[in-house]
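One structure coming up, written as structure tokens, with questions to follow.
Counting convention: from 1, in listed order, for ligands and their atoms alike. Since we're looking at a predicted model, the values are computed, not measured.
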Amino acid sequence: MSTDLFDLTGKVALVTGATHGLGMAMAIGLGEAGATVVINGHSSDEKIAAAVAEYGRGGVKACGYRFDVTDEDGVEAAVERIEQEVGPIDILVNNAGIIKRVPLLDMPLADFEEVIRTDLTSVFVMTRPVVKRMIARGGGKVINICSMMSELGRNSVGAYAAAKGGLKMLTRNMATEWAKHNVQVNGVGPGYFATSQTAPIRVDGHPFNDFIIQRTPAGKWGDPDDLKGAAIFLASRASDFVTGQVVYVDGGILATIGKPANE
Ligand code: GCO
């Protein structure tokens with residue numbers, strides 16, 4: 001049955017930055033498709049425990065691990081613990097990230113480096129220990145969460161755009177090097193979604209809010225649940241010959257030049 005192609009029963013999926021927002025929505029989607037979900041967070045044990053409880057209320061079996069995705073030794077230790085306590089990681093979703101909305105000429109170097117480290121270098125750090133184990137077991141799936149800023153620039157998010165642009169190419173190079181080991185590496189590129197990360201620019205009357213509704217052919221902000229399908233597809237057998245691709249889930253933003261306000 002073709003629907004079995006999307007069945008994740010028996011799989012273990014690690015999703016970073018999954019205590020809220022897009023990470024949580026995608027992790028719940030993988031859980032609903034049958035996977036055992038392992039969520040990562042960095043802020044606090046309480047936040048992770050609260051998230052695990054929320055997954056449980058939604059009927060998704062999840063367990064939480066607190067570690068810093070930019071800390072190489074910490075990541076290696078966490079991956080080893082997860083594989084011993086939960087099982088071999090079949091699916092890795094690199095979702096953890098930050099954004100700082102500051103014009104490039106005003107951005108301190110330390111802030112620029114922090115965004116690059118958290119949104120790009122972290123994927124290099126997180127993925128290698130997981131993929132080394134996947135290769136030893138015959139294969140696996142990696143999904144990197146990209147952005148509109150993997151393709152487009154925007155005032156005040158230069159560091160973020162540099163990281164997300166770099167992530168698209170890191171995704172392609174990982175795909176190139178690991179396809180022969182049956183490891184597929186792809187990206188999901190969210191458009192503009194209603195999350196805590198976009199809350200500051202999604203306020204009624206805020207010029208950017210109106211701009212996005214105008215600029216998005218679908219005429220609305222995305223709902224985090226809209227990402228579940230792409231995540232399940234890229235985590236499942238349905239994408240076994242798909243690698244190095246970024247699936248943009250953006251309500252049509254990248255497909256169009258946009259339209260005048262009165263059209
Ligand atoms: C912004 C937004 C974006 C979105 C998303 C778009 O300030 O432009 O926060 O970065 O979160 O990445 O794809």
Inset, instruction - Let me know which protein residues bring a heavy atom to under 4.0 Å of ligand 1; chain then number is fine for ordering. - result: I99, R101, S147, M148, M149, R154, V157, Y160, P190, G191, Y192, Q197, T198, I201
Legend entry - same_hphob_cluster(I116, M174) at 4.5 Å side-chain heavy-atom cutoff: yes
Can you list, pair by pair, the side-chain donor-acceptor contacts under 3.5 Å of residues 31-38, counting residues two or more places apart and other chains?
{"residue": "E32", "atom": "OE1", "partner": "K228", "partner atom": "NZ", "Å": "3.0"}
{"residue": "E32", "atom": "OE2", "partner": "K228", "partner atom": "NZ", "Å": "3.3"}

Inset, instruction - Quick one: sort the F6 and F233 rings into parallel, tilted or perpendicular, breaks at 30° and 60°. - result: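 Tilted.
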Donor-acceptor pairs under 3.5 Å, side chain of residues 59-69 to any protein atom, not counting sequence neighbours: which ones?
{"residue": "Y65", "atom": "OH", "partner": "E85", "partner atom": "OE1", "Å": "2.6"}
{"residue": "R66", "atom": "NE", "partner": "H42", "partner atom": "O", "Å": "3.0"}
{"residue": "R66", "atom": "NH2", "partner": "S43", "partner atom": "O", "Å": "2.9"}
{"residue": "D68", "atom": "OD1", "partner": "T70", "partner atom": "N", "Å": "2.7"}
{"residue": "D68", "atom": "OD1", "partner": "T70", "partner atom": "OG1", "Å": "2.7"}
{"residue": "D68", "atom": "OD2", "partner": "T70", "partner atom": "OG1", "Å": "3.0"}

Legend entry - Polar side chain donor-acceptor pair, E177 to N173, under 3.5 angstrom: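 Yes - a donor-acceptor pair under 3.5 Å links their side chains.
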Using atom types as modelled, flag every donor-acceptor pair under 3.5 Å from a side chain in residues 118-145 to any protein atom, sequence neighbours excluded.
{"residue": "T118", "atom": "OG1", "partner": "E114", "partner atom": "O", "Å": "2.7"}
{"residue": "D119", "atom": "OD1", "partner": "I98", "partner atom": "N", "Å": "2.7"}
{"residue": "S122", "atom": "OG", "partner": "T118", "partner atom": "O", "Å": "2.7"}
{"residue": "T127", "atom": "OG1", "partner": "N94", "partner atom": "ND2", "Å": "2.9"}
{"residue": "T127", "atom": "OG1", "partner": "V123", "partner atom": "O", "Å": "2.6"}
{"residue": "R128", "atom": "NH2", "partner": "E72", "partner atom": "OE2", "Å": "3.0"}
{"residue": "R133", "atom": "NH1", "partner": "P129", "partner atom": "O", "Å": "2.9"}
{"residue": "R133", "atom": "NH2", "partner": "E76", "partner atom": "OE2", "Å": "2.5"}
{"residue": "R133", "atom": "NH2", "partner": "E80", "partner atom": "OE1", "Å": "2.7"}
{"residue": "R137", "atom": "NH1", "partner": "E83", "partner atom": "OE1", "Å": "2.9"}
{"residue": "R137", "atom": "NH1", "partner": "E83", "partner atom": "OE2", "Å": "3.4"}
{"residue": "R137", "atom": "NH2", "partner": "E83", "partner atom": "OE2", "Å": "3.1"}
{"residue": "R137", "atom": "NH2", "partner": "I89", "partner atom": "O", "Å": "2.9"}
{"residue": "K141", "atom": "NZ", "partner": "Q184", "partner atom": "OE1", "Å": "2.9"}
{"residue": "K141", "atom": "NZ", "partner": "S236", "partner atom": "O", "Å": "3.0"}
{"residue": "K141", "atom": "NZ", "partner": "S239", "partner atom": "O", "Å": "3.3"}
{"residue": "K141", "atom": "NZ", "partner": "S239", "partner atom": "OG", "Å": "3.1"}
{"residue": "K141", "atom": "NZ", "partner": "D240", "partner atom": "OD1", "Å": "2.8"}
{"residue": "N144", "atom": "OD1", "partner": "N94", "partner atom": "ND2", "Å": "2.8"}
{"residue": "N144", "atom": "ND2", "partner": "T171", "partner atom": "OG1", "Å": "3.0"}

